[in-house]
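Quick notes on the structure that follows.
Everything numeric here is computed off the predicted structure, so don't read it as measured data.
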Amino acid sequence: MTLTVTLATARRVLTQLRRDHRTLALLLVVPVVLLTLLRYVYNDVPQVFDHIGAPLLALFPFTTMFLVTSVAMLRERTSGTLERLLTTPLGRGDLLFGYALAFGSLAVLQTVIASAVALGPLGLQVSAGPVLVVLLAVLDALLGMALGLFLSAFARNEFQAVQFLPAVVLPQLLLCGLFAARQEMATPLQWLADLLPLTYAVDGMQELTRTSSLSGHLALDLAVVAGASLLALSLGAATLRRRSA
């Protein structure tokens, strides 16, 4: 893997995204619109928005990045672009980390915008400062991106790629502790929730609503989310083949 080739891959992906206005709107506008809707759904009970707003700052970037990257990589595979690229000196690491740099840049922009609107005009109350909120939200977006790149290898068309959303994301959403405390779930579900990375993403955001410093609990959540992202990227690199069919 070389830095020059990796950066060239990132520039190519960013150029494609700049021309795709609908995808940019999905990544940058939709999370803000959803948070705004949520704020005014609970207009008379702002404490409910404070309770679930922070975890949703973890969920929205995760979900949108998962959806966009899984479809984008699948297009590379099915169009033959991936096969042609892998016949060049471009390595698997160059391709995956080029994608990670490109979508990671968008993840930073996405979470900065969403966090600024939520913590500013929408009045979301958290104990931690905006730096920790944005840091965890960016890691959550990168986790969604890494899982999307990895799971795209198991889809043959865009319809199948989208089907991974309810199959992979929704179970994690139900078990992550957003709707019910994990301690109140059946014991097997608690064990399963402990294995799912989105649990730590949401738990970290909930921790940020209670503490203003980087506690050991929060550091563990950050480490698990970052480690799961690196693991998914490594598995994604292992699924890349010189021949796409």
Side-chain angles (χ1 to χ4, degrees), residues 13 16-17 20-38 52-79 82 96 99-100 102-104 106-107 109-111 113-114 136-180 182 189 192-205 224-225 228-237 239-240 244:
V13 175
Q16 292 174 340
L17 288 171
D20 189 346
H21 296 164
R22 293 180 182 177
T23 298
L24 286 178
L26 174 65
L27 291 174
L28 302 180
V29 178
V30 169
V32 173
V33 172
L34 293 177
L35 284 168
T36 303
L37 285 174
L38 185 70
I52 63 176
L56 289 180
L57 271 176
L59 291 172
F60 289 155
F62 173 87
T63 305
T64 54
M65 280 296 172
F66 177 89
L67 181 62
V68 170
T69 54
S70 60
V71 172
M73 180 54 79
L74 184 65
R75 284 179 178 173
E76 300 275 40
R77 294 175 189 272
T78 57
S79 67
L82 178 61
L96 264 295
Y99 259 78
F103 281 101
L106 277 178
L109 183 59
Q110 179 193 55
T111 53
I113 293 173
L136 182 52
V138 168
L139 288 177
D140 298 336
L142 293 176
L143 175 63
M145 176 207 68
L147 286 175
L149 291 176
F150 168 52
L151 291 174
S152 69
F154 302 98
R156 292 184 178 275
N157 52 55
E158 293 178 11
F159 180 66
Q160 291 182 0
V162 173
Q163 289 176 330
F164 282 129
L165 188 67
V168 174
V169 176
L170 292 187
Q172 296 192 63
L173 179 62
L174 292 175
L175 298 176
C176 68
L178 179 62
F179 299 107
R182 298 202 309 280
L189 294 185
L192 180 58
D194 289 342
L195 299 176
L196 301 175
L198 197 56
T199 297
Y200 299 89
V202 170
D203 188 67
M205 279 297 183
V224 171
V225 173
S229 301
L230 289 176
L231 176 61
L233 274 179
S234 300
L235 293 174
T239 64
L240 293 178
S244 58

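- Of all heavy-atom pairs spanning Tyr200 and Leu196, the tightest one is CD1-O, 3.5 Å.
- The minimum heavy-atom distance linking Thr69 with Gly148 is given by the pair OG1-CA, 3.6 Å.
- For the pair Leu59 and Met205, the minimum side-chain heavy-atom distance is 4.5 Å or more.
- Taking all atoms of both residues into account, the shortest heavy-atom contact from Gly53 to Leu35 is O-CD2, 4.2 Å.
- Put simply, OG on Ser152 and CZ on Phe66 are 9.0 Å apart, with the number rounded to the nearest 0.5 Å.
- Within the 4.5 Å cutoff, the side chain of Thr111 has no heavy atoms near those of the Leu57 side chain.
- In this structure, the separation between CG on Leu151 and CG on Leu74 is 11.5 Å, given to the nearest 0.5 Å.
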Could you give me the CA-CA distance, side-chain angles and deciding distance for Leu143 and Leu139, then say whether side chain to side chain contact (heavy atoms under 4.5 Å, CB included) is met? CA-CA 6 Å; Leu143 175 63; Leu139 288 177; over 6 Å; no
>> Test side chain to side chain contact (heavy atoms under 4.5 Å, CB included) on Phe179 and Leu173; report intermediate values, then the result.
In response: CA-CA 8 Å; Phe179 299 107; Leu173 179 62; 3.9 Å; yes
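- Between Phe164 and Ala155 the shortest heavy-atom distance is CE1-CB, 3.8 Å.
- The backbone N or O of Ala193 sits less than 3.5 Å from a side-chain atom of Thr199, completing a donor-acceptor pair.
- Expressed to the nearest 0.5 Å, how far NE2 of His21 lies from CG of Leu28 amounts to 11.5 Å.
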| said: Run Arg182 and Leu175 through side chain to side chain contact (heavy atoms under 4.5 Å, CB included) and show every step you take. | reply: CA-CA 7 Å; Arg182 298 202 309 280; Leu175 298 176; over 6 Å; no
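- The backbone N or O of Leu67 sits less than 3.5 Å from a side-chain atom of Ser70, completing a donor-acceptor pair.
- With a 4.5 Å cut-off on side-chain heavy atoms, Pro197 and Val225 do not count as touching.
- Nearest approach of Ala107 to Val138, heavy atoms of both residues: O-CG2, 4.3 Å.
- Contact of the Leu24 side chain with the Leu106 side chain is registered, since non-hydrogen atoms from C-beta on lie closer than 4.5 Å.
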Notebook entry, point to check: Taking it one step at a time, do Thr36 and Val32 satisfy side chain to side chain contact (heavy atoms under 4.5 Å, CB included)?
Noted result: CA-CA 6 Å; Thr36 303; Val32 173; 4.2 Å; yes
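- Under the 30°/60° scheme for interplanar angles, the aromatic rings of Phe103 and Tyr99 are found to lie parallel.
- Note: Leu147 CG to Thr63 OG1 = 11.0 Å, rounded to the nearest 0.5 Å.
- A pairwise comparison of heavy atoms in Met65 and Ala141 identifies CB-O, 3.4 Å as the closest pair.
- The side-chain heavy atoms of Leu34 and Leu38, taken from C-beta on, include no pair separated by under 4.5 Å.
- Side-chain contact check for Leu178 versus Leu56: some heavy-atom pair is nearer than 4.5 Å.
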